[in-house]
Every structure is written in C-alpha cells, then in structure tokens.
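Just below is one structure, and these are the notes that go with it.
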Amino acid sequence: MEALDVGILTEWLTRAAQRFGAEQAHLCDLDAAIGDGDHGANLARGFAAVATKMAGAETASGLFKMVGMTLIGTVGGASGPLYGTLFIEMGKEAANHATLDQSAWAQVLAAGLAGVMARGKARPGDKTMIDALAPAVKAMTGAADLSTALASAAAAARLGAAETIPLIAHKGRASYLGDRAVGHQDPGATSLAMLLAVLAELVG
Amino acid sequence: MEALDVGILTEWLTRAAQRFGAEQAHLCDLDAAIGDGDHGANLARGFAAVATKMAGAETASGLFKMVGMTLIGTVGGASGPLYGTLFIEMGKEAANHATLDQSAWAQVLAAGLAGVMARGKARPGDKTMIDALAPAVKAMTGAADLSTALASAAAAARLGAAETIPLIAHKGRASYLGDRAVGHQDPGATSLAMLLAVLAELVG
Amino acid sequence: MKKLINDPSQVVGEALEGMALAHPGLIRVHRTPDFIMRADGPVRGKVALVSGGGSGHEPMHGGFVGRGMLDAACPGAIFTSPTPDQMLEATKAVDGGVGVLHIVKNYTGDVLNFEMAADLAKEEQINVKAVVTDDDVAVQDSLYTAGRRGVGGTVLAEKICGAAAETGADLDAVTQLCRDVNASVRSMGIALSACTVPHAGKPSFSLGEDEIEFGIGIHGEPGRNRMKHERADQLTEMLMEPIMRDLPFKRGDHALLFVNGMGGTPLIELYVVFRKAASIAAQHGITISRSLVGSYITSLEMAGTSISLLRLDDRMVRYWDAPVVTPALRWGA
Amino acid sequence: MKKLINDPSQVVGEALEGMALAHPGLIRVHRTPDFIMRADGPVRGKVALVSGGGSGHEPMHGGFVGRGMLDAACPGAIFTSPTPDQMLEATKAVDGGVGVLHIVKNYTGDVLNFEMAADLAKEEQINVKAVVTDDDVAVQDSLYTAGRRGVGGTVLAEKICGAAAETGADLDAVTQLCRDVNASVRSMGIALSACTVPHAGKPSFSLGEDEIEFGIGIHGEPGRNRMKHERADQLTEMLMEPIMRDLPFKRGDHALLFVNGMGGTPLIELYVVFRKAASIAAQHGITISRSLVGSYITSLEMAGTSISLLRLDDRMVRYWDAPVVTPALRWGA
Ligand SMILES: Nc1ncnc2c1ncn2[C@@H]1O[C@H](COP(=O)(O)OP(=O)(O)O)[C@@H](O)[C@H]1O
Ligand SMILES: Nc1ncnc2c1ncn2[C@@H]1O[C@H](COP(=O)(O)OP(=O)(O)O)[C@@H](O)[C@H]1O
Ligand SMILES: [Mg+2]
Ligand SMILES: [Mg+2]
Ligand SMILES: [Mg+2]
Ligand SMILES: [Mg+2]
C-alpha cells in the first residue's frame, strides 16, 4: 500500500473503537493505579460515538476533524481535549496533502503531536501520551515504505509507553502522586500505542 | 443468712456492676441479633454509675430508690426505665419491711415485677425480661430458707431466659423481626437472670 | 473499625461541642444532662417542641433545632434513647409558658423515657403533651408487636409543627397537627450495608455481596427480610408499593416525597430513586408538589435509603414552606 | 458492588432527571448536552456563573445552582470532566449580556475542556472569564506537577461570588473576588475508605483495617501517602497543620471553617472533627466566625473528610451571609 485513503482510515478507527471496547477494563485499571480509573471508559465511550458517525466521510481531513470534534464532545476528562486536538490537527494537516503517503502521514502525525503538546503543555518524559506519540512520529522517518513506517511507529509507541513505567509524572492526575506513580505504565501512553498498533496491523 | 441487709445488698450491686462490665460484649451480641446491639453497653454504663453512688446508703429502700433513679438517668433505651422501675418499686416495697427476710424479699421482688409489667405492658411469653423475672418471683415461695430461695430464683430466671429462645417477640425491638427473632435468647431476660445469679452466688 | 472519633464513649459529647462551635447563632448546647436548644429560647408565649432519641441519626434531631422547627432535642448514646432527666431539663429550659409538645418516635425506649419525663414535667406544672410517630410500614401494626416505628415522617412532622408553633398555634392545635401529619405519612426503608456502632466496633449484621435488608428501621437492626439486590427502579417499586397501599391515595392528591439517605449512600443515587418514586406517584395521579432529598435521618454510615410519602393539605403546605432556620434545614429566612 | 442505580451508563442522566423533578422551582435540567441552570435564568444584566466537573461529587456543582450561587453547572460522567459543548451551551443559556465567569477546579481535564468552551463562547461574542481554583495543599505546587487541585474552597468561592453577582458586581469584580477567595483558602483531605465508580464495579484502591490515605483529592484516587489510622483529634491536627502553615494566619484573623464529608462519613463524626479544628484555630488566635459542616463536595460513598479554612474579609462575610436558594445550600430567602 502506497497511501492511506479515507476507506482504510475509517476501517482503522472502526477497529480502534473495537479495541478500546475490549481494552476498556485494562486501561481503567492502569488509570486506577495512578489516576482516577476512567481512562478506558472515556475512550471506549468516545470511540464508540466515533464509530457511529463515520459513514459518508469523503476526505481524510473531514473524517479526522469529525473524529476530533466527536471525541471532544464525548470523552471528557484530560484525554478528551487531547485526543480531540490530536485528530483536529491531523485533519488540518491532512487537508494540505492530495494523498496520504508515507511522508504526508509523517507530517500529519507530527502536526497532531504539535497540537497535543500545545494544548497540554506536556513534554517527553512527563509520563503522558506524548511519551508514546513523540517516538512514533520520529520513527516514521527513514522507514523503507509506508507499512514499515507504520509498524516502526507502532513499535516505537509501544516502547515509549513501556518506558513511562519508571517515570515520575509531571502532568495530569498522576503528577499528584509524586514517587507513588513510579512503577506504573501511563494509561494515555498505552492507549495511544494501541491506536497506532491497530493501524499498523491493518496496513501491515 | 436470715435476711438481706444494706451491706450485702450494696455488695450485690457492686458485683452486678462488675458482672455487667464483664458481660457487656456478650449482652450486646445477644441484642445485635434481635435488637440494636446496645443492651450490654446500656447496663454496663448504668451499673457503673450505680457503683460510684452507693456508699452511705442507710436503708435497703433508700439504696434501691437511688439505684432506680440512677439507672433511669444513665441507661436510656427500653431497659433504663424498666430496670429503673424495678428498683424503685423494690425500694418502695422494702420500706414496708423492717428486715428483708425470705418472705419480705419475695414481696420486694414481686413488687418490682409488678412495676416492670405496669410500665412496659409486657406479659410472660412476650420474650422480654419478664420471662426471667416472673418465674424467679414464683420460685421464691416454698423454698426452705433465704439462700435456697435465692438460688431457686436465680435458677428459674436462668431457665426462663433460656426458654425465650424459641419465642417470637411481642414487645421491644425484637418484635419488629417477627419469625426472625426465633432461635435467639432475649438479652433483657439474660441480664435479669445474671443479676439474680450474682445475688444467689453472694448469699449461697 | 475506622471512624473519625477519639473514644466511643465521648463521641456524642464531642459532637455536641462541635455543634455548639459550628452554629452559635442558631443553637445552644447544654451538658449533663445533654440537650440542644435554640439560641433564642425559651420563646415566651410560643408552644415549645421537644424531641430526642438515640444519637447516630444526625442531623436528626439536633440539626433541626432552631427557629421554625424544634425548640430542643435530647441526644442519647448512639442508637439508645435518651433519659428522662435530659427531657425534663430540656422541657423546662424551652417552656415558654404555653405548653410543650414532645414528639416521640415509637420505640419502647423512647416512649417509656419520654413518658417518665412528661410525668415529672407535669409535677412541675408544665403543660406537656406527646405525640408518638409511627410511620414505618415495614412493621406489622398489631397487638403482637411494639407497633410501627417512627422514622422519616418524624422529620416532616417536626418541620410542619415547628412552623405552626412559630406562627402562634396553641398546644392543642400543634398536637392535633402533629397527629394529622403522622396519620398522613408512610415510610419504608432498605439497607445495602450494615453500620458499625462505635462501642460495638463491628458491623451490626453482615450482608452478602448481592444481598440487601428490606424493611429496616434506623438503628442498624436487621429488616423485615433479606433479599437479593435489584436495580434501583425495582427496589423503588418495592418500597413504594406498601406505602401507596397503606395510605390510599386518590388521583389528584398532592404529596411531599422525601427520599432519605441512611448515611452512606451518595446523593446521586438518592436522585435516581427520587426519579422513579416520582414517576410511580405520577402514574397514580398524585402530584409531588413538595420534596426533600438527602440524608436527614440516618443510621451512621449505613448504605441505603428510605422513602416517605406525605399526603399534603393546604395547611401542611403552608407550614412546610414557612421559614426554618436550623443547622440542617434552612429556608425562607 | 451494591448501589442504588439501574445501569452505570445511565446514573448521571437519571439523577439529573430526579433533580429536575425534585427541585422544579429552583432549577431546570437540559439534556444532550447535559447541564443544570437556574429556573429563572438567564438573568438579564447579571454576571452569570458557570461551573462543572465530573459527577460523583454531589451536591457539587448541580446542587449549588440557583439564586445567589451558580447560574449553571455541567456534570460530566462520574469523576470525568464534562465536555466543551456542555459548557458552551450552558454559557449561552445563562448569559445575561454582561459576561460569564467560569469557575474551574484545577484538573487537567476540567481546565482543558473549559478552555475550549471559553474559546468557542468568545467566538459567539460572549465575554467569558475563567478562574481556576487550586486550594488543595496536599499537592506540591511546582513546575513538576499539574498544580494544586481545586477542592473544598471551590464551594466557598461559588457561594461568595454568586452573591456578589446577584447584587450587581460586574464581571471584573466577580472574577477578582473569585481569585481573592481562592487565594485565601486552603484545604486538606483524608480517606478512610475508597469508593467504587459504577462502571468500574470495584473500589478504586484498597486500604487495610487500620490504614488511611492522607492528602487525597476528590476522584477516588490515592492520596499523598498511606498511614496508620489515628484518633480524630490527631488526624485533625495533621490536616490543619499544612493548612495553617501554607496560608499564614495572624492572631485576630477571622475565618470560615468548612468541615466536609467525603460521602460515607456520618455527620456526627464531622462535628467531632469540627470541634478539634476550631480549637486549633482558637489556639492560634483565629476566630471562626462562619462555618459549614456537611457532605458538600464528595467522592461517592468514600469515608473521610476534608477541612477548608478561608480567611475572611468583611466583603466575603457579607457575601457569605447573603441569600442563597439552591437545592443544597439555602438561607436568607
Ligand atoms: N497535560 C497533558 N498532556 C498530555 N497528556 C496528558 C496530559 N495530562 C494527562 N494526559 C494524559 O491523559 C491520560 C489520562 O486520561 P483520562 O484518564 O481519560 O483523563 P483524566 O485524567 O481527566 O481522568 C494520562 O494517562 C496522560 O497520558
Ligand atoms: N415492653 C417491655 N417490657 C419489658 N421488657 C422489655 C420491653 N421492651 C423491651 N424489653 C426488654 O429490654 C431489652 C432491650 O433493652 P435495651 O437493648 O437496653 O434497650 P433498647 O431496645 O431500647 O435498645 C429486651 O431484651 C427486653 O428484655
Ligand atoms: Mg482518568
Ligand atoms: Mg438494645
Ligand atoms: Mg437501644
Ligand atoms: Mg477522569
């Protein structure tokens, strides 16, 4: 596959909704350890709403903006505006590209990352979803082709999520815990890695 | 021993206070099963107050009235007015007797029983302290001497308390439970039997 | 047992001291014997209302002392009725010269102790009347029980009669009104968990993971029967059924719906119950024109709820709406 | 998990319906998006106050909607901040033409969602300001955390600012007052038990028989550290110490003492805590001239308490005493 079209992106998000439904309890448990235990429920609710609305999207840009708005309107919590911003900024960038090939997708994802960082003010190492997203964006460049790039991004995100375990959190609820957050994987980084894994599995 | 004097009666109530202190949890447990779990605490509190006030009582009548007033002022619940009335009426009757020999004591106890029945409107078989007190009063008559009479009274009270086990309650909190009170011994009958047992042990 | 207390034997006294510090403008606390009275009492020429009962039901009754409600409340030990000396001293302290009404929840202990207190007060030339509340439909009212318990309806009676007294009704009128309210209200409760009395140190009963007690009182005692936990709507139907049956309502009646928390149940759940109870009333053509939702007559930290439904007449509505200024109920002033 | 609910996903909506049925004279409930607004809103020419946050903290915020306090409240899912569309619609619905103040508790989710809503409202020409409350001294306020959480002080800010708005203060003045209240209040909380979020179905953490969590927030999360349970007086000292240290009081200051229950703690225990907290304040020469005792900002059925201490100036006292007519706080009218 050379590029991601709106059909495959719709399929991605449909499967992501299934995945978050299945992983809801797992993500809630991660959040219960260092947050308030709702991350899985928040994403499951938000992506379930997304899944009911995707039919008829004509462009990747339009699709992503709709996804972003839907997440903002249904997820709540910290992850709602952050995931929402991710997709809205991805949608804005996607509008600049006729086809979403490897290089375009790298820019789309980078735009999403920039949006999340601007909104949430977190930096790498703060034990947030940024710790999965930033390495994924980096891993997109230099890969042989799109599917390899997506696989590398997913792998980098998974690794980045795992690497949040020893960290103290500096943003979000987990930051209230100080040392007590050490030893737990960040739920938002975990869900972000899942989202990218679903895409890699689909295209790979 | 031919008669009960104020010294022995003071000793009785002192030991009763100790006994109720020691049996507090047991009586509370009985009450928890079919009531609200406070009977032991109520009596322990009341008799502890009695124990601090007895020094200087000159007559049995005066002693009993003081005990009755103290119990009314410190026990609360159903058992406060009932135990209080028991002692006040015993005190009134005791005033009619120069010495508290076997026959006088039978009359004193009977007066107490009448007072409790008048105040609480319970009859034998209602699963209350009456079921210990009434048989005890009956057992006083016909015994060979005072100490035998006290022992018979205590035994009759103990038996009467045990015989409350299969009963449905018609008075007090246990009456709310209907059938569910069956199989449990009434706490008030149990404490009344303890009170009479302490006297029998002291004199016997 | 984890509680915010120092010593089980000091809880009631220390809480009274806390109340005195928290509400100096509304109430005064008297120790030994213990009672709470309104800060501006006695009010000359006004019928005084005195209630009381075991502690552990807060805010009842101490939280209802103040203008437009109770003149005094006598707190006993946890779940144990107070003693006649408390009631006598409270009665004397708040007597405004035109009589005192004792509002007594129907429990053997409360009734006997208040009876003794009334006798003593009468000896001191105070005109005392008593009304015994018994609104709990969980209990069979028959010769073979101590009679129905006084529960949630008592709160409503205290508010309504307090307003009547405040606006000048005489002792006979306030007494009759209290009987009328008691005759027009029915209540029913369930427990989802037991509570722990401090001096006992362990729960008063134990319930399985999906068991509840149906038809409970307010003293942590077991209820009429134990049953499987159900959804809120079904439990609400089961609570409403005996209430509606016992006090026949006719279409067009107006009622006050009081959904009470037993202490450990969050407010959000009480509103879920209120929603269903109101819809059941509506199905019967009954208009819920007044409401009360919250934990007002509790059993320490017990989880559960009780529903009280009071058929209203115009007079009750007027007195319900009248100003009340107490620690726990306050409006109109 | 035993709760008085029907379906975890319907709790918030059904409770909103219950609130609408229980308090028709005070509030109106809007569904999809969900918000609660005062029955007589929008009030032309009055600055409007909008707050919101996750559900499960009842009565906050919905119970504080009404005359003299909030104009609208936006409830999210349990412990999950609401979404910008709710806040936007609520803001539009209550805007009286002279600006809207968003009172936002400092949690990443609440802050981000309210920020987005404010941006959207500004696009629609509504003058929106926001104050973020952060009174919780349990959290280190530094570059390395999300900052202190907004807890009990928020309730006090909403009451005081609501009164200012009601009596005609303009948006700048109400905003400044809200900042002043937030700057003058500090809070600290402990949990004796965890709570169970309905969709999770199990307690958010587990505590041993004599363990407590010290320095908790209001979302069922663990606190600053776990420690041995102590007597109420000692725990109260531990809660008061960082409050008094963080907001230096001087002898002669007046303060409002707010002892809050987390949901599952009986009122009688809160008064035991109040007694000690007031005596600590008195030892420092601080006069507790106003008070609030009860479960006003809760974490479902969590057992525990939080203490908030607000240094009062005359203006705050006047606004605190001003009339308020909401489901949960009501006086003076
Ligand atoms: N400032 C931030 N920037 C980026 N991500 C954040 C930030 N704050 C929190 N997060 C992410 O959000 C996740 C929590 O999301 P969620 O549980 O849904 O929201 P909430 O914390 O409001 O309950 C965290 O695990 C973290 O990855
Ligand atoms: N009407 C009555 N007449 C005689 N005894 C009674 C009556 N009602 C209750 N009792 C006795 O009182 C006992 C309970 O006392 P206690 O637990 O101290 O009071 P309460 O029921 O108020 O908590 C019962 O076990 C019973 O023996
Ligand atoms: Mg979360
Ligand atoms: Mg008892
Ligand atoms: Mg009792
Ligand atoms: Mg959350």
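Throughout, protein chains are lettered first and strands after them, A, B, ... in sequence-line order, and every chain is numbered starting at 1. Remember, it's a predicted structure, so these values are computed and weren't measured experimentally.
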In residues 156-166 of chain A, what donor-acceptor pairs under 3.5 Å come from side-chain atoms, sequence neighbours left out?
{"from": "A:Thr164", "atom 1": "OG1", "to": "A:Ala161", "atom 2": "O", "distance (Å)": "2.5"}
{"from": "A:Thr164", "atom 1": "OG1", "to": "A:Asp186", "atom 2": "N", "distance (Å)": "3.0"}

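A:Arg119 approaches D:Leu112 most closely through the heavy-atom pair O-CD2, 3.4 Å.
For D:Pro82, the part lying under 4.5 angstrom from a heavy atom of chain A is the backbone only. Only the backbone of A:Ala169 has a heavy atom closer than 4.5 Å to any heavy atom of chain D. In this structure, no portion of D:Asp34 lies under 4.5 Å from any heavy atom of chain A. Residue D:Phe205: no heavy atom, backbone or side chain, is found under 4.5 Å from chain A. Within the 4.5 angstrom heavy-atom criterion, only side-chain atoms of A:Asn42, from C-beta onward, approach chain D.
Listed by chain and residue number, D:Thr83 satisfy the side-chain hydrogen bond (donor to acceptor under 3.5 Å, both in side chains) test with D:Asp85 (two or more places apart in sequence, or in another chain). For D:Ser81, the side-chain hydrogen bond (donor to acceptor under 3.5 Å, both in side chains) test picks out D:Asp110, with sequence neighbours left out.
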**OP:** Please assess A:Lys171 against D:Thr145 for the test side chain to side chain contact (heavy atoms under 4.5 Å, CB included), listing each intermediate value before the final yes or no.
**Re:** CA-CA 6 Å; A:Lys171 290 286 170 190; D:Thr145 68; over 6 Å; no

**OP:** Could you walk me through whether D:Thr108 and A:Arg173 pass the side chain to side chain contact (heavy atoms under 4.5 Å, CB included) test, one step at a time?
**Re:** CA-CA 7 Å; D:Thr108 305; A:Arg173 286 176 196 289; over 6 Å; no

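Residues from residues 67-96 of chain A that place a non-hydrogen atom less than 4.5 Å from a non-hydrogen atom of chain D comprise A:Ile72, A:Gly73, A:Thr74, A:Val75, A:Gly76, A:Gly77, A:Ala78, A:Pro81, A:Leu82, A:Thr85, given in numerical order.
Heavy atoms of other residues, nucleotides or ligands lying less than 6.0 angstrom from NZ of A:Lys138 number 12 at most.
No side-chain heavy atom of D:Glu221 sits under 4.5 Å from any side-chain heavy atom of A:Ile34. By the 4.5 Å heavy-atom criterion applied to side chains, D:Lys202 and A:Asp29 are counted as neighbours. Side-chain atoms of A:Leu177 and D:Pro222, non-hydrogen and from C-beta on, do get closer than 4.5 Å to each other.
Cation-pi contact between D:Arg224 and A:Tyr176: absent, since separation from the ring centre below 6.0 Å together with deviation from the ring axis within 45° is not met.
Interatomic distance, CG of A:Asp36 versus OH of D:Tyr107, reported as 10.0 Å (0.5 Å rounding).
When A:Gly37, A:Cys28, A:Gly172, A:Ala33 are compared by the number of non-hydrogen pairs under 4.5 Å with chain D, A:Gly172 comes out ahead. When each of D:Arg148, D:Met116, D:Glu115 is scored by its heavy-atom pairs under 4.5 Å with chain A, the top score falls to D:Met116.
Under the 4.0 Å criterion applied to side-chain N and carboxylate O atoms, D:Glu213 and A:Arg180 are assigned as salt-bridge partners.
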